[in-house]
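Here the structure comes first, spelled out in structure tokens, and everything after it is commentary.
For the numbers below, each heavy atom of this structure counts, side chains included, while hydrogens, waters and symmetry mates do not.
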Amino acid sequence: MFGKIPVLRVAAVLALVPSLAFSAAAAGKVRSALGSVDRMKAKQKDWSALRVGANIFQSDKVRTGMESEVIFGLPDGSTITIAENAEVEMSNLLEPNGNGGFETRFDIKKGHINFAVHKLQDKNSKFLFKTGTATASIRGTEGYVGGEGVFFAGLKTGKLEITPEGKSEPISIVAGETTFGTDSLVVVKLASSGNARFAKRLEKILAEKKPIQELVAEVQQADSVFQEVLKAEAEKAAAAVPMNSFSISTITPVEICDQGLMVEGFYRTNDETATLVLNIAGKYQSDNLIRMADGNVHSFAHKVVLNDENGLWTANNAKLILSGKGINMSKSIDLRVNKACLEVNTKVPTVVIPTYDSLRCVANLSVGEMQGDAGILSIYSDGAQISEDAVVRNIQQRVKLKNGIHEYVFKMEDQAGNKAELEKAMGCYPAKRFNIDLIGPAKESLAIPPNNPDNHNINDAVYRTLQFRIRTAENDPSHLYKVLVKQNGKIILQETLSQIQNMDYQVPLELHRDKAYTIDVEVTHKSGYKAKIKKVYEVNR
């Protein structure tokens with residue numbers, strides 16, 4: 001029906017970064033439900049009412065009636081609104097996709113969805129909106145997508161890529177553009193692109209079976225009319241502002257992520273001393289937002305970044321305060337700061353092992369930069385995970401070490417995906433008694449024939465082998481620090497640390513006639529414990 005525009009048969013895709021520690025069991029939470037909103041759970045056949053505060057799980061189906069809608073948030077702070085007369089299935093919710101990322105997919109059976117998706121950080125993660133006729137890939141944006149029989153999408157911010165079936169090159173639209181069609185798509189620039197209220201008007205227009213040229217003209221006309229409506233509403237709101245007061249057009253509660261906090265509204269005052277300031281949790285106060293005090297209505301807008309760097313990310317409300325001669329007026333704005341957003345949660349956690357005790361077999365672990373944050377601490381030994389714990393603040397804790405020396409890795413990841421990693425080799429050598437077994441008697445007398453005075457080449461020496469075995473509980477030479485052998489006080493063998501490869505020793509000795517020899521063996525464990533043995537040789541003629 002849309003003339004000679006190339007045929008596209010596509011299904012819609014929206015990309016999203018899931019936050020830390022989400023899994024297939026992750027859920028969206030219903031923030032608002034207006035009118036008739038029902039849910040059918042997986043493997044069930046009956047619909048039941050969906051209430052505010054309820055969780056939405058994978059494979060749930062949600063439907064809305066006339067003049068009804070439901071708004072729910074995802075764990076990463078993104079917001080999804082299912083408009084009236086719609087039916088949507090949550091096919092996947094933050095499901096691991098095998099590529100190191102997660103996939104969320106909504107199948108739009110009927111109607112349309114409005115979305116505000118935060119900036120994509122992980123290319124391996126996707127958020128999919130699927131309709132019967134088109135595929136759109138979005139990386140952090142705000143707008144709408146849907147259509148029953150006729151696909152349509154519009155963007156308020158960001159970029160949307162539509163990939164035709166069987167083709168690898170996407171067709172793109174950007175902020176301020178709207179696309180629609182059945183077998184083919186047309187792109188038009190509209191001031192109302194991405195506006196949730198305009199999406200309803202667009203859906204009704206596209207439901208009429210008309211040629212493309214007529215539809216484009218009607219959509220453009222609807223855009224002009226809608227902009228006039230918005231202008232009139234703004235003027236009406238401004239006119240409703242009494243003298244020495246203000247009104248706020250910002251919708252509360254405000255979801256805070258990469259866009260920060262934007263507060264907008266109107267004020268009216270004839271007091272030249274009046275001040276209008278934005279205060280956030282007593283930690284931040286703006287300059288005076290009043291530009292003119294002429295008794296007329298004026299607009300104001302003020303943007304503030306809320307993050308851990310400026311300490312505002314724990315705030316749950318902001319307050320606009322108007323004061324002057326006899327003027328005392330204030331209004332609160334509820335805030336929902338998303339700590340899974342990288343623009344909010346900017347500080348990377350720190351992981352430090354300041355000390356460790358190889359005798360007590362414990363390491364002192366310190367995790368920092370987690371004030372008001374949450375995350376997962378994972379500990380590995382020789383590549384195998386030994387623990388995984390939730391961390392909700394800065395911590396100091398002891399980590400039990402495994403016997404022997406091992407390579408430990410400590411990984412800390414917060415809600416926004418900020419990561420810290422520490423690798424450290426640490427040993428555990430508890431103090432335990434051990435023995436040295438001497439092979440043979442502790443004292444040995446050697447009788448050798450006397451020299452023949454006529455044979456001057458006869459050697460005066462006799463050779464023996466000292467044998468001993470080190471017996472430790474671990475039976476592992478890596479637990480030993482030093483092996484020392486002395487002959488009459490002189491060192492004849494010394495091995496330390498990695499030089500020690502055996503627990504059994506055979507030490508060659510050179511002895512001479514008419515002398516006594518004392519052989520001292522001393523073995524030091526890495527725990528510091530020492531074991532000693534002694535052997536005496538007496539050599540006679």
For this session: Using distance alone, with no hydrogens and no angle criterion, decide if Ser192 and Gln227 have a side-chain donor and acceptor under 3.5 Å apart.
Result: yes
For this session: Hey, could you give me the CD1/CD1 distance between Ile82 and Ile113, rounded to the nearest 0.5 Å?
Result: 5.0 Å
Exercise. Can you list the residues that meet the ring-ring contact (aromatic ring centres under 6.0 Å, His included) rule with His302, with sequence neighbours excluded?
Worked result: none
Exercise. So, for Leu306 and Ile280, which heavy atoms are closest and what is the spacing to 0.1 Å?
Worked result: CD1-CD1, 4.1 Å
Problem set entry | Validation row: Lys41, Phe57 side chains within 4.5 angstrom (heavy atoms) | no
For this session: Check whether any side-chain heavy atom of Asp107 lies under 4.5 Å from a side-chain heavy atom of Thr131, and answer yes or no.
Result: no
Problem set entry | Under 3.5 Å: donor-acceptor pair, side chain of Glu177, backbone of Val174 | yes
Seminar exercise, completed: What one should report as the nearest heavy-atom pair of Ala274 and Thr269 is CB-OG1, 3.8 Å
Exercise. In this structure, are over 12 heavy atoms from other groups packed under 6.0 Å from Lys331 atom NZ?
Worked result: yes
Problem set entry | Residue Lys347 excluded, over 12 heavy atoms near NZ under 6.0 Å | yes
Problem set entry | Pairwise distance CG(Leu190) to CZ(Phe226) - rounded to 0.5 angstrom | 11.5 Å
Exercise. Taking atom CG of Leu276 and atom CD1 of Ile327, what is their separation to the nearest 0.5 Å?
Worked result: 10.5 Å
Exercise. Does Asp223 use its side chain to pair, donor to acceptor, with the backbone of Ala191 at less than 3.5 Å?
Worked result: yes
Exercise. Without hydrogens or angle criteria, can the side chains of Ser323 and Thr275 be said to hold a donor-acceptor pair below 3.5 Å?
Worked result: yes
Exercise. How close do Tyr380 and Lys411 get, heavy atom to heavy atom, and via which atoms?
Worked result: CE1-CD, 3.8 Å
Exercise. Can you list the steps and then say if Val337 with Thr314 is a side chain to side chain contact (heavy atoms under 4.5 Å, CB included)?
Worked result: CA-CA 7 Å; Val337 183; Thr314 57; over 6 Å; no
Problem set entry | Thr346 and Asn307: side chain donor to acceptor below 3.5 Å | no
Exercise. If every non-hydrogen atom of Ala86 is compared with every non-hydrogen atom of Ala83, which pair is closest and at what distance?
Worked result: CB-O, 3.3 Å
Problem set entry | Separation between NZ of Lys200 and CG of Asn114, rounded to the nearest 0.5 Å | 8.5 Å
Exercise. Between Arg268 and Gly295, is there a donor-acceptor pair closer than 3.5 Å when you use the side chain of the first and the backbone of the second?
Worked result: yes
Exercise. Is the side chain of Asn195 donor-acceptor paired with the backbone N or O of Phe198 at a distance under 3.5 Å, no angle test?
Worked result: yes
For this session: Would you check if Val62 and Val37 make a side-chain contact, meaning some heavy-atom pair closer than 4.5 Å?
Result: yes
Problem set entry | Straight-line distance of Ser299 OG to Phe246 CZ, nearest 0.5 Å | 14.5 Å
Exercise. When you check the side-chain N and O atoms of Asn317 and Ser332, is any donor under 3.5 Å from an acceptor?
Worked result: no
For this session: Verify, without hydrogens or angle tests, whether Ser59 (side chain) and Ala42 (backbone) share a donor-acceptor contact under 3.5 angstrom.
Result: no
For this session: Using a 4.5 Å cut-off on heavy atoms from C-beta on, say whether the side chain of Leu155 contacts that of Ser193.
Result: no
Exercise. Got a salt bridge between Lys159 and Glu161, using NZ or NE/NH1/NH2 to carboxylate O under 4.0 Å?
Worked result: yes
Problem set entry | N/O donor-acceptor pair under 3.5 Å between Thr350 side chain and Gly368 backbone | yes
Exercise. Can Lys210 and Glu218 be counted as an ion pair, charged N to O under 4.0 angstrom?
Worked result: yes
For this session: Would you check if Arg291 and Phe300 make a side-chain contact, meaning some heavy-atom pair closer than 4.5 Å?
Result: no
Exercise. So Phe152 and His112, ring-ring contact (aromatic ring centres under 6.0 Å, His included) or not? Walk me through it.
Worked result: CA-CA 9 Å; Phe152 64 90; His112 72 274; 5.6 Å; yes
Problem set entry | Salt bridge present between Arg63 and Glu89 (N-O < 4.0 angstrom) | no
Problem set entry | More than 12 heavy atoms of other groups within 6.0 Å of Asp382 CG | yes
For this session: Taking all heavy atoms of Asn345 and all of Lys339, pick out the closest pair and write down the distance.
Result: ND2-O, 3.0 Å
For this session: Could you go through the side chain to side chain donor-acceptor pair (under 3.5 Å) check for Ser36 and Ser68 one step at a time?
Result: CA-CA 6 Å; Ser36 175; Ser68 303; 5.1 Å; no
Problem set entry | Stepwise side chain to side chain contact (heavy atoms under 4.5 Å, CB included) check, Val254 with Leu261 | CA-CA 7 Å; Val254 183; Leu261 170 63; 3.9 Å; yes
Exercise. Is Lys130 close enough and on-axis enough to Phe106, meaning under 6.0 Å and within 45°, for cation-pi?
Worked result: no
Contacts under 3.5 angstrom, residues 390-398 side chains, donor-acceptor by atom type, not counting sequence neighbours:
{"residue": "Asn394", "atom": "OD1", "partner": "Glu369", "partner atom": "N", "Å": "3.2"}
{"residue": "Asn394", "atom": "OD1", "partner": "Met370", "partner atom": "N", "Å": "2.7"}
{"residue": "Gln396", "atom": "NE2", "partner": "Ser366", "partner atom": "OG", "Å": "3.0"}

Exercise. Under 3.5 Å, side chain of Thr179 to main-chain N/O of Leu185, donor-acceptor pair present?
Worked result: no
Exercise. Does Ile290 reach the side chain of Leu322, with side-chain heavy atoms less than 4.5 Å apart?
Worked result: yes
Problem set entry | Residues Ile333, Leu335; criterion side chain to side chain contact (heavy atoms under 4.5 Å, CB included); working and verdict | CA-CA 6 Å; Ile333 301 172; Leu335 307 176; 4.2 Å; yes
Seminar exercise, completed: Nearest heavy-atom approach of Gln415 to Asp373 is NE2-OD1, 2.9 Å
Problem set entry | Pair Leu422-Tyr408, side chain to side chain contact (heavy atoms under 4.5 Å, CB included): steps then yes or no | CA-CA 8 Å; Leu422 172 66; Tyr408 293 88; over 6 Å; no
Exercise. Between Arg336 and Asp334, is there a salt bridge with N-O shorter than 4.0 Å?
Worked result: no
Exercise. To the nearest 0.5 Å, what is the distance between CG (Asn296) and OH (Tyr267)?
Worked result: 9.5 Å
Exercise. Are the charged groups of Asp60 and Arg39 less than 4.0 angstrom apart, N to O?
Worked result: yes
For this session: Check whether any side-chain heavy atom of Phe72 sits under 4.5 Å from a side-chain heavy atom of Lys29, and report yes or no.
Result: no
Exercise. Below 4.5 Å, heavy atoms only, C-beta onward: do Ile108 and Val145 meet side chain to side chain?
Worked result: yes
For this session: Tell me, please, which residues at least two apart from Glu203 pass salt bridge (charged side-chain N to carboxylate O under 4.0 Å, His left out).
Result: none
Exercise. Any donor-acceptor pair under 3.5 Å linking the side chain of Thr178 with the backbone of Gly154?
Worked result: no
